[in-house]
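What's counted below: heavy atoms across the whole structure, side chains too, no hydrogens, waters or symmetry copies. Numbers here simply count residues along the sequence, with the first being 1.
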Amino acid sequence: MEQYGIVTGTSTEYTNTDLDQLAKNDLQKDYVAVIKDFVKQELKQEISYLDTVDGTFNPRSVVVGTTQGDIYLIELQKWYNHNGIWAVSRYAQYKDQMAVPKKEAGN
């Protein structure tokens, strides 16, 4: 990820009620299913590839590339006390630094 520059970053906080609702869905136990749903529902994109970063487990960090060419680092938290579900805790969008225009002097 060193060759990329961060464009945006967002974190999410969950209440116990939120986690109880998520725990009703068995797909929340599969972090890949959680990522696929998050990318489709929240980011309005489709996944091209995904890869876990540095063998992380909890929280688990995953690099996701989309068919639109965007790259995200998504961090998931496993909630053992809520049926062992996974939930996205934060994410950041990255761009190739060569694709991000440099600011001109005086702007």
Side-chain angles (χ1 to χ4, degrees):
M1 295 303 292
E2 291 83 20
Q3 73 264 28
Y4 299 98
I6 189 167
V7 176
T8 60
T10 304
S11 62
T12 304
E13 291 187 28
Y14 297 96
T15 65
N16 280 328
T17 303
D18 295 333
L19 294 169
D20 288 342
Q21 280 298 112
L22 291 172
K24 293 177 182 178
N25 183 348
D26 281 339
L27 288 178
Q28 291 293 133
K29 292 181 181 180
D30 177 0
Y31 79 93
V32 173
V34 171
I35 291 172
K36 286 180 179 179
D37 185 61
F38 177 80
V39 170
K40 185 174 185 175
Q41 298 299 321
E42 298 296 322
L43 303 178
K44 309 292 188 225
Q45 297 193 38
E46 296 293 327
I47 291 177
S48 173
Y49 65 88
L50 61 89
D51 191 21
T52 302
V53 177
D54 295 333
T56 58
F57 183 71
N58 194 22
R60 175 166 281 171
S61 297
V62 180
V63 173
V64 176
T66 68
T67 56
Q68 291 82 353
D70 294 323
I71 301 169
Y72 294 90
L73 179 63
I74 298 176
E75 185 175 279
L76 300 101
Q77 181 75 37
K78 185 165 185 146
W79 297 90
Y80 293 101
N81 56 342
H82 289 277
N83 204 20
I85 63 168
W86 289 98
V88 173
S89 55
R90 64 180 163 174
Y91 69 96
Q93 181 182 7
Y94 287 80
K95 292 281 187 187
D96 185 327
Q97 288 183 357
M98 298 304 289
V100 177
K102 295 181 180 180
K103 291 185 178 181
E104 294 181 25
N107 286 344

- Task: Report the residues that fulfil side chain to side chain donor-acceptor pair (under 3.5 Å) with Ser11, sequence neighbours left out, ordered by chain and then residue number.
- Result: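 Not a single residue meets the side chain to side chain donor-acceptor pair (under 3.5 Å) criterion with Ser11.
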- Item | Exceeds 12 heavy-atom contacts within 6.0 angstrom, atom CD of Gln68 |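 Atom CD in Gln68 is crowded, with more than 12 foreign heavy atoms closer than 6.0 Å.
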- Query: More than 12 non-hydrogen atoms from neighbouring residues, nucleotides or ligands closer than 6.0 Å to NZ on Lys36, yes or no?
  - Reply: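 No.
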Look up atom [atom1] in [X] and atom [atom2] in [Y], then write down how far apart they are to the nearest 0.5 Å.
X	Y	atom1	atom2	answer
Lys24	Asn83	NZ	CG	12.0 Å
Thr12	Phe38	OG1	CZ	6.0 Å
Asp70	Gln93	CG	CD	4.5 Å
Thr66	Lys44	OG1	NZ	14.5 Å
Asn58	Glu75	CG	CD	9.0 Å
Thr52	Ile74	OG1	CD1	11.0 Å

- Passes side chain to side chain donor-acceptor pair (under 3.5 Å), Gln77 versus Ser89? Steps please. CA-CA 6 Å; Gln77 181 75 37; Ser89 55; 5.1 Å; no
- Task: Work out which heavy atom in Asp18 is nearest to a heavy atom in Glu13; give both atom names and the distance.
- Result: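 Smallest heavy-atom distance, with atoms named: OD2-O, 4.3 Å.
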- Query: Quick one: do the Thr17 and Asp20 side chains pair a donor with an acceptor below 3.5 Å?
  - Reply: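 No pair is found: no donor N or O on one side chain lies under 3.5 Å from an acceptor on the other.
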Do the side chains of [Y] and [X] get nearer than 4.5 Å, heavy atoms only?
X	Y	value
Tyr72	Gln45	yes
Leu73	Val53	yes
Phe57	Lys78	yes

- Decide whether Leu27 and Leu76 are clustered together by the hydrophobic rule: side chain heavy atoms of Ile, Leu, Val, Met, Phe, Trp, Tyr closer than 4.5 Å, transitively.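 As far as the 4.5 Å side-chain criterion goes, Leu76 and Leu27 are not connected within one cluster.
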- Message: Quick check: is Val32 connected to Trp86 through a chain of hydrophobic side chains (ILVMFWY, heavy atoms under 4.5 Å apart)?
- Response: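 Yes; Val32 is reachable from Trp86 via cluster members.
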- Should Glu42 and Tyr91 be marked as a side chain to side chain donor-acceptor pair (under 3.5 Å) after you check the CA-CA gap, both sets of side-chain angles, and the distance that decides it? CA-CA 11 Å; Glu42 298 296 322; Tyr91 69 96; over 6 Å; no
